[in-house]
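Below, all heavy atoms of this structure are taken into account, side chains as well, without hydrogens, waters or symmetry copies.
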Amino acid sequence: MESDAIVRQLVAEELDSDPSVTAANIGVAVHNGVVTLSGHVPSYSEQFSAVRAAQRVRGVKAIAQELSVRLPQGKKRHDDEIAERAVSILNWTLNGVGDVHVTVDEGWITLSGKVDWAYEKHSAEQAVRRLGGVTGVFNTIEVRPLVDAANVRDGIVRAFERNAHAAGSKIKVSVEGTTVVLSGQARSWAERRVAEQAAWSVAGVTAVRDTISVDENF
């Protein structure tokens with residue numbers, strides 16, 4: 001098991017080497033494998049990328065994200081401009097916004113409404129996250145249940161069987177209504193993400209509660 005000092009060094013190096021992250025103003029602290037990222041970044045998308053970079057490092061058990069977004073003066077946008085651009089990119093991403101609604105308040109985008117698939121909810125957030133001037137995203141979009149809850153678990157199990165990265169793992173799946181609960185252990189953050197993606201890929205899933213722990217030694 002890596003010491004906290006080594007994990008801190010590895011996280012700092014990963015942040016410095018990631019071209020999508022401006023690491024100059026990011027502080028890294030580690031205690032018992034829990035990494036705290038503090039300081040500020042120049043965009044919301046970089047805040048997200050910094051967390052992803054830290055998750056890639058071996059020995060990281062959890063992330064405490066305390067980064068703030070400080071937009072450079074030339075990158076600030078009026079809320080109406082951000083809203084207009086958000087609607088435009090959602091029209092392209094979702095092939096028509098449909099029942100998705102956009103509101104913007106001081107750079108924070110709130111997405112609301114309903115979609116048929118979980119991937120549409122996540123695609124909408126990913127699309128607006130990259131827009132200039134955005135300081136945060138609240139994603140309150142609801143996923144309409146499309147299938148009987150009893151079929152959801154079977155669909156997830158089949159998805160695990162198709163995916164080589166999840167074969168032989170100690171990940172457990174249960175269903176509470178249309179909420180999927182993932183538990184057990186994964187060998188890496190990548191395997192944990194595979195499990196999440198498999199769960200979200202099943203029609204009718206409205207929420208995923210991920211309690212999987214990462215243990216590279218099992």
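- Asn25 meets the side chain to side chain contact (heavy atoms under 4.5 Å, CB included) test with His40; sequence neighbours excluded.
- Side-chain contact between Val102 and Leu90 is present, with at least one heavy-atom pair separated by less than 4.5 Å.
- Checked against the 6.0 Å centroid threshold, Phe138 and Trp108 count as a close aromatic pair.
- For Thr211 (side chain) and Leu182 (main-chain N/O), a donor-acceptor pair under 3.5 Å exists by modelled atom type.
- The closest donor-acceptor contact from the side chain of Asp18 to the backbone of Ala53 lies at 3.5 Å or more, if one exists at all.
- Atom OG of Ser183 sits about 6.0 Å away from atom NZ of Lys172, to the nearest 0.5 Å.
- A 4.5 Å side-chain heavy-atom check between Ile6 and Leu10 finds at least one atom pair inside the cut-off.
- Atoms OG and CG, from Ser43 and Leu131 in turn, are 11.0 Å apart once rounded to the nearest 0.5 Å.
- The minimum heavy-atom distance linking Trp200 with Ala118 is given by the pair CE3-CB, 2.9 Å.
- Under the side-chain contact (heavy atoms from CB on, under 4.5 Å) test applied with Ile109, the options Thr103, Ile82, Thr135 reduce to a single match, Ile82.
- Counting all heavy atoms, side chain and backbone alike, Leu15 lies closest to Ala50 at CD2-O, 3.7 Å.
- One hydrophobic cluster, built from ILVMFWY side chains closer than 4.5 Å, holds both Ile63 and Val41.
- The distance from atom OG of Ser68 to atom CD of Gln47, rounded to the nearest 0.5 Å, is 8.0 Å.
- No donor-acceptor pair closer than 3.5 Å links the side chain of Asn139 to the backbone N or O of His122.
- Interatomic distance, Ile89 CD1 to Arg129 CZ, rounded to the nearest 0.5 Å: 11.5 Å.
- No chain of hydrophobic side-chain contacts below 4.5 Å, direct or via other Ile, Leu, Val, Met, Phe, Trp or Tyr residues, connects Val57 to Phe48.
- Remark: the backbone N or O of Lys121 is not paired with any side-chain donor or acceptor of Glu125 at under 3.5 angstrom.
- With Glu81 contributing its side chain and Ala83 its backbone, the two residues share no donor-acceptor pair below 3.5 Å.
- For the pair Thr140/Thr110, a side-chain contact is recorded, criterion being any heavy-atom separation below 4.5 Å from C-beta on.
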Intermediate values then yes/no, side-chain contact (heavy atoms from CB on, under 4.5 Å), Asp116 and Val143: CA-CA 6 Å; Asp116 292 329; Val143 179; over 6 Å; no
From CA spacing to verdict: side-chain contact (heavy atoms from CB on, under 4.5 Å), Asn32, Lys61: CA-CA 8 Å; Asn32 292 333; Lys61 296 179 179 178; 5.7 Å; no
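- The CD atom of Glu120 sits 10.5 Å away from atom CG of Asp99, with the distance rounded to the nearest 0.5 Å.
- Closest heavy-atom contact between Gly133 and Leu71: O-CD1, 3.4 Å.
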Worked verdict on Val28 versus Leu37 for side-chain contact (heavy atoms from CB on, under 4.5 Å): CA-CA 5 Å; Val28 180; Leu37 300 178; 4.0 Å; yes
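- One side chain, Thr22 or Glu46, offers a donor N or O that lies under 3.5 Å from an acceptor on the other.
- Under the 3.5 Å distance criterion, the side-chain polar atoms of Ser17 are matched with a main-chain donor or acceptor of Glu13.
- In this structure, Lys114 and Ile141 have side chains that are not in contact, with every pair of non-hydrogen atoms separated by 4.5 Å or more.
- Put simply, the side chain of Val128 reaches to within 4.5 Å of the side chain of Leu111, judged on heavy atoms.
- The heavy-atom pair separating Pro72 from Pro42 by the smallest distance is CD-O, 3.6 Å.
- When all heavy atoms of Ala127 and Thr93 are compared, the pair lying nearest together is CB-OG1, 3.6 Å.
- The distance from atom CD of Glu142 to atom OG of Ser112, rounded to the nearest 0.5 Å, is 9.0 Å.
- Pro19 pairs by the side chain to side chain contact (heavy atoms under 4.5 Å, CB included) definition with nothing, not counting sequence neighbours.
- Partners of Arg192 by side chain to side chain contact (heavy atoms under 4.5 Å, CB included), not counting sequence neighbours, listed by chain and number: Ala186, Trp189, Glu196, Asp210, Ile212, Val214.
- The backbone N or O of Glu14 lies less than 3.5 Å from no partner atom in the side chain of Arg56, so there is not a single donor-acceptor pair.
- Linking Ile, Leu, Val, Met, Phe, Trp and Tyr residues whenever their side-chain heavy atoms come within less than 4.5 Å leaves Val34 and Val7 in two separate clusters.
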